Amino acid sequence: MTRCIFVTGTDTDSGKTRVSEMLLQYWQQQGLSTLAMKPIAAGCKWNEVSQRFENSDALILQRAATMTAEYGDVNPVALEPPIAPHIAAELVGEQGLLLRSTMAWRALHSRNPDILLSEGAGGWMLPLDQGDLMPQFVRETNQEVILVVGMKLGCLNHALLTVAAIAQSGCHLRGWIANQLTEEAMPFYQENLQTLKDRIQAPLLAEVPFLADQATGQAWLATTHPRL
Ligand SMILES: Nc1ncnc2c1ncn2[C@@H]1O[C@H](COP(=O)(O)OP(=O)(O)OP(=O)(O)O)[C@@H](O)[C@H]1O
Ligand SMILES: C[C@H](N)[C@H](N)CCCCCC(=O)O
Ligand SMILES: [Mg+2]
């Protein structure tokens with residue numbers, strides 16, 4: 001049975017892709033098969049060879065998964081402007097974001113990986129077209145949620161609001177990950193972490209340090225035991 005995980009974050013640039021990549025590498029080390037997707041991406045570049053718009057997050061996830069997948073299933077909605085996706089979609093005349101996302105997700109799910117990870121865009125309450133929000137995709141596909149908290153000043157409010165909104169959406173928060181975005185930890189990192197531990201019922205699954213390069217990431221993976 002496939003474990004289906006949706007990675008959301010406290011904001012855009014909170015580290016969803018970086019953490020997802022590490023999680024995929026960790027599961028690979030555990031001998032698990034993985035597929036990963038970025039259903040909706042804004043900020044895509046034209047690839048002359050493949051003759052399509054491609055997104056760097058989607059390419060990272062495609063490469064980090066153990067199973068191969070068509071780009072169109074990994075990233076069914078690839079929008080060029082690096083702006084809010086529903087506005088980008090309107091600009092370029094694209095529709096059906098929710099339906100295209102769920103169809104691609106189902107195509108990947110039918111291949112029965114041990115883990116199917118999908119990364120959101122921006123934060124939890126991301127607007128899609130026709131009044132839908134990203135949580136609709138998570139609900140329809142019955143994924144559990146992992147919240148990446150980018151550890152910087154302001155993250156307490158963002159994290160607690162997101163946790164409340166996930167519950168309000170009727171989705172299950174499997175746990176959260178504290179992600180260190182800067183080489184030097186934010187001031188009073190431990191106190192901020194403890195504040196979140198005290199107020200979020202779901203478990204802290206891992207603390208991801210600042211990963212200066214690939215080697216630091218590998219060293220961290222070798223020593224860590226995320227509660228996944
Ligand atoms: N633990 C970390 N160590 C070092 N750099 C990090 C870490 N987490 C995130 N970053 C860097 O911060 C930036 C934003 O991270 P990332 O792209 O993962 O955010 P995101 O939440 O996926 O953003 P988006 O909403 O665009 O998908 C990137 O340059 C990434 O390399
Ligand atoms: C382009 C950017 N890097 C992200 N992929 C999209 C972020 C959308 C945020 C929308 C919002 O909540 O205001
Ligand atoms: Mg990302």
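These numbers come from a predicted model, not from an experiment. Read the numbers this way: they start at 1 and go in the same order the structure lists the ligands and their atoms. One-based numbering along the sequence shown.
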Q) Which atom, counting only N, O or S, brings Glu119 closest to the Mg ion (ligand 3)? A) OE2
Q) What's the shortest distance from atom 3 (N) of ligand 1 to any protein heavy atom, and which residue and atom give it? A) Leu211 N, 2.7 Å
Q | Side chain, backbone, both or neither: the part of Ala121 lying under 4.0 Å from ligand 1 by heavy atom | A | neither
(Q) Using 0.5 Å steps for rounding, measure from the CG atom of Leu24 to the CD1 atom of Ile60. (A) 11.0 Å
Q) Would Thr17 count as a contact for the Mg ion (ligand 3), in the sense that one of its N, O or S atoms lies under 2.8 Å from it? A) yes
Q) What protein heavy atom sits nearest atom 26 (O) of ligand 1, and how far away is it? A) Thr12 OG1, 3.4 Å
**Q.** Flag for Asp213-Thr216: side-chain donor and acceptor within less than 3.5 Å
**A.** yes
Q. Should you measure from each heavy atom of Leu181, which atoms of ligand 1 turn up under 4.0 Å away?
A. 8 (N), 9 (C)
Q: Determine, considering heavy atoms only, which of Asp57, Val7, Asn179 sits nearest to atom 27 (O) of ligand 1.
A: Asp57
Q.
Evaluate His158 against Lys152 for side chain to side chain contact (heavy atoms under 4.5 Å, CB included), listing each step before the verdict.
A. CA-CA 10 Å; His158 283 146; Lys152 61 177 189 181; 5.7 Å; no
Q.
Can you name the atoms of ligand 2, numbered from 1 with element, that are less than 4.0 Å from a heavy atom of Pro82?
A. 1 (C)
Q: Please indicate whether any nitrogen or oxygen in Ala212 is less than 3.5 Å from any nitrogen or oxygen in ligand 1.
A: no
**Q.** Any Gly9 heavy atom less than 4.0 Å to ligand 1
**A.** no
(Q) Tell me the protein heavy atom at minimum distance from atom 19 (O) of ligand 1, and give that distance in Å. (A) Gly15 N, 3.2 Å
**Q.** Heavy-atom nearest option to atom 10 (N) of ligand 1, drawn from Arg18, Glu183, Met151, Gln180
**A.** Arg18
Q: Please verify whether a non-hydrogen atom of Ala42 lies at under 4.0 Å from ligand 2.
A: yes
Q. Has Gln30 got more than 12 heavy atoms of other residues, nucleotides or ligands less than 6.0 Å from its CD?
A. yes
Q: Considering heavy atoms of the protein only, find what lies nearest to atom 12 (O) of ligand 2 and give residue, atom and distance to 0.1 Å.
A: Leu126 CD1, 4.6 Å
Q | Short N or O distance, Phe210 and ligand 1, threshold 3.5 Å exclusive | A | no
Q. If you count the non-hydrogen atoms of other residues, nucleotides and ligands that lie under 6.0 Å from CD in Glu191, is the total more than 12?
A. yes
Q | Any protein heavy atom nearer than 4.0 Å to atom 5 (N) of ligand 2 | A | yes
Q) For ligand 1, is Gly43 a contact, meaning one of its heavy atoms is under 4.0 Å away? A) no
Q. What's the shortest distance from atom 21 (O) of ligand 1 to any protein heavy atom, and which residue and atom give it?
A. Lys16 NZ, 2.8 Å
**Q.** Any protein heavy atom < 4.0 Å from atom 13 (C) of ligand 1
**A.** no
(Q) Need the ligand 1 atom indices (1-based, order shown) with element for anything under 4.0 Å from a heavy-atom of Glu119. (A) 22 (O), 27 (O)
Q. If only atom types and distance count, is the side chain of Asn179 paired as donor or acceptor with the main-chain N or O of Ser14 below 3.5 Å?
A. yes
Q.
Has Arg139 got a side-chain atom pairing as donor or acceptor with Ser169's backbone, closer than 3.5 angstrom?
A. yes
Q: Can you see which heavy atom on Cys155 is nearest to which on Thr10, and at what distance?
A: O-CG2, 4.5 Å
Q | Heavy atom of protein inside 4.0 Å of atom 6 (C) of ligand 1, strictly below | A | yes
(Q) To check your reading of the model: name the closest protein heavy atom to atom 2 (C) of ligand 2, its residue, and the distance in Å. (A) Thr12 OG1, 3.8 Å
Q.
Tell me whether Thr8 contacts the main-chain N or O of Leu147 through its side chain, where contact means a donor paired with an acceptor under 3.5 Å.
A. no
Q | ligand 1 atoms in contact with Asp13 (distance to a heavy atom under 4.0 Å) | A | 14 (C), 19 (O), 20 (P), 21 (O), 23 (O), 24 (P), 25 (O)
Q. Does the side chain of Gln136 come under 3.5 Å of the side chain of Glu140 through a donor N or O and an acceptor N or O?
A. yes
Q: Could you check atom 13 (O) of ligand 2 against the protein and tell me its nearest heavy-atom contact, residue, atom and distance included?
A: Ala84 CB, 4.9 Å
Q | Stepwise side chain to side chain contact (heavy atoms under 4.5 Å, CB included) check, Asp132 with Leu97 | A | CA-CA 9 Å; Asp132 291 318; Leu97 273 57; over 6 Å; no
Q) Which ligand 1 atoms are under 4.0 Å away from a heavy-atom of Lys38? A) 27 (O)
Q | Step-by-step side chain to side chain contact (heavy atoms under 4.5 Å, CB included) determination, Leu193 to Leu204 | A | CA-CA 9 Å; Leu193 190 77; Leu204 170 62; 4.2 Å; yes
Q: Using a cut-off of 6.0 Å, state whether more than 12 heavy atoms not belonging to Glu90 lie near its atom CD.
A: no
Q.
I'd like to know whether His109 forms a side chain to side chain contact (heavy atoms under 4.5 Å, CB included) with Thr141, so could you lay out the CA-CA distance, the side-chain angles of the two residues, the decisive distance to 0.1 Å, and finally the verdict.
A. CA-CA 10 Å; His109 187 256; Thr141 48; over 6 Å; no
Q. Is the side chain of Thr224 donor-acceptor paired with the backbone N or O of Leu221 at a distance under 3.5 Å, no angle test?
A. no
Q | Presence of N, O or S from Asp57 under 2.8 Å of the Mg ion (ligand 3) | A | yes
